[in-house]
There are 2 protein chains.
Amino acid sequence: MFSLSEENYLKSIYHLEAIHGKGISTNSIAKKLETKASSVTDMIKKLAEKKVLVYKKYQGVSLTVLGRKEAANIVRKHRLWEVFLVDKLNFSWDEVHDVAEQLEHIKSPKLIDELDVFLGFPKMDPHGDPIPDKEGNFQKIEKRLLSTLEENKTGICVGVNDSSSDFLKYLDKNNISLGKKIKVLSKESFDGSLTILIHSKEITISKKISNNIYIQ
Amino acid sequence: MFSLSEENYLKSIYHLEAIHGKGISTNSIAKKLETKASSVTDMIKKLAEKKVLVYKKYQGVSLTVLGRKEAANIVRKHRLWEVFLVDKLNFSWDEVHDVAEQLEHIKSPKLIDELDVFLGFPKMDPHGDPIPDKEGNFQKIEKRLLSTLEENKTGICVGVNDSSSDFLKYLDKNNISLGKKIKVLSKESFDGSLTILIHSKEITISKKISNNIYIQ
DNA sequence: ATAATTTTTTAGATAAGGCTAAAATTTTTT
DNA sequence: AAAAAATTTTAGCCTTATCTAAAAAATTAT
């Protein structure tokens, strides 16, 4: 059994490995968890003893098969709860994250199995992220950043790279949501900003925005 | 904001006050929480500073208005989650307690408001206990222990005094559930055991059992 | 009313998880 | 290849919530 803190470390390392591959540095974990590197060193020693990750001094960590399964399960819970909040309790996609961060730590296998049934075995959460199954497997959809789309080409919004309330509210304000068509009208080479057609309206978005929207 | 531990103290004191009135002893809290009296002394000092209870050395504690509201809200959350588990996720009444003990500590006013809506504003949990509203008020139904019912009289089961899985499974096994008619056929004065008619069957139950069943 | 018992509090210790500051190691620069 | 910089670890301390053992107060019994 893992403590709340241990679970948060596992989840962070899992997400970091998804981006950077194996060998996650102490500092990057500290940044992700908004804590200090010295605290991370302490915790990863403990997690290494619990066989969920491999740690060699000064060389970062990698999840073991056990650790990855454990982490995927926390992510599974987080995303199922997000679906519940949006589909059943009238939450909007920018309100779910903090609550799901709490709910993901509830320990009850039956609860999560039944929730899955109740929600109709969803495969995606409200932000377009895949929901792992009990073994930690999930369908990986091909997607690319909106920022990589060429002028005059069209894509469909299938996900976001940032689930912060601020970013999602910005998207809402501009009628950008999952499933929407987005056409790139022009690209400013100086700062990478895009003028796009969304919801039959022309708007200009910064590179930072287009770097956080996934299309298909 | 209160810690998980603080919330559990508040809830326990709230339940103890409901039975014994004001002035709850250190020892009784320790017993309820399965901890030591010295730990209780430390915690109630902290809670007194936070203005949720009044404490005078060697004289036990009483919840303040603030403390009672806080505690009622935790009970409200616990019972709403129990309804959710039974009504929506196919839990039986003997499986909900431990999970609800965890869920009751999730912090999100919107979550509990929306859950209340989603469940149709239930007034009772699966064990027949009332669900307080946001102000901590609830309808008190008149009920008495089955052990106080006279011979040849009939009552309707409206609640239980013990929500442990073992007790509830015993009730299931004997077809005793909320809303069921129970007739006392005879009373053994030696040990207080009762022979009752339930679900058109005659069974004999101990005093301990009849002391944990509420009827109306 | 004093002695015995029970309850409650205090004092000091422990474990988890975090911090700062300093030391050790690795990486980057010159 | 050495020096500088960045990263990581260690050492020691803090807080929260516990505990045990001993002291203090209240209650009960004689």
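Residue numbering restarts at 1 for every chain, and letters A, B, ... go by the order of the sequence lines.
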- [ ] Could you let me know what C:dT29 is paired to, Watson-Crick or G-U wobble, both distances under 3.5 Å, or none if it's on its own?
- [x]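 Pairing partner: D:dA2.
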Open item on the list: Strictly by Watson-Crick or wobble contacts shorter than 3.5 Å, is anything paired with C:dA13, and which nucleotide is it?
Closed with: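 Partner of C:dA13: D:dT18.
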Nearest-Å distance, [atom1] ([X]) to [atom2] ([N])?
{"X": "B:K57", "N": "D:dA23", "atom1": "NZ", "atom2": "P", "result": "16 Å"}
{"X": "A:I44", "N": "D:dT7", "atom1": "CD1", "atom2": "C1'", "result": "12 Å"}
{"X": "B:E34", "N": "D:dT18", "atom1": "CD", "atom2": "P", "result": "12 Å"}
{"X": "A:D42", "N": "C:dT20", "atom1": "CG", "atom2": "P", "result": "13 Å"}
{"X": "B:I29", "N": "D:dT18", "atom1": "CD1", "atom2": "P", "result": "13 Å"}
{"X": "B:Q59", "N": "D:dT27", "atom1": "CD", "atom2": "P", "result": "8 Å"}
{"X": "B:M43", "N": "C:dT8", "atom1": "CE", "atom2": "C1'", "result": "17 Å"}
{"X": "A:K31", "N": "D:dA6", "atom1": "NZ", "atom2": "P", "result": "12 Å"}

Quick check on [N]: is either OP1 or OP2 less than 4.0 Å from any side-chain nitrogen or oxygen of [X]?
{"X": "B:T35", "N": "D:dC19", "value": "yes"}
{"X": "A:K36", "N": "C:dT20", "value": "yes"}
{"X": "B:N27", "N": "C:dT8", "value": "yes"}
{"X": "A:S39", "N": "C:dC19", "value": "yes"}
{"X": "B:Y55", "N": "C:dT8", "value": "no"}

Task: Listed nucleotide nearest any side-chain atom of A:T26, set D:dT18, D:dT9, C:dG18 - done: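 Selected nucleotide (nearest to the side chain): D:dT9.
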Task: B:Y58 side-chain proximity, nearest of D:dT9, D:dC19, D:dA26 - done: D:dA26
Open item on the list: Can you confirm whether or not the ring centre of A:H78 sits under 6.0 Å from the ring centre of A:H97?
Closed with: yes
NZ/NE/NH1/NH2 to OD/OE distance under 4.0 Å, [X] and [Y]:
{"X": "A:E104", "Y": "A:K11", "value": "yes"}
{"X": "B:K107", "Y": "B:E7", "value": "yes"}
{"X": "A:K207", "Y": "A:E188", "value": "no"}

TODO: Scan A:S5 against the nucleic acid and name what it touches under 4.0 Å (heavy atoms): base, sugar-phosphate only, or nothing.
DONE: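 Since only primed, P, OP1 and OP2 atoms lie under 4.0 Å of A:S5, the category is sugar-phosphate.
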Open item on the list: Looking at A:E95 and A:S92, would you say the former's side chain and the latter's main chain have a donor-acceptor pair under 3.5 Å?
Closed with: yes
- [ ] Decide yes or no, distance alone: a donor-acceptor N/O pair under 3.5 angstrom between the base of D:dT20 and the side-chain of B:S38.
- [x] yes
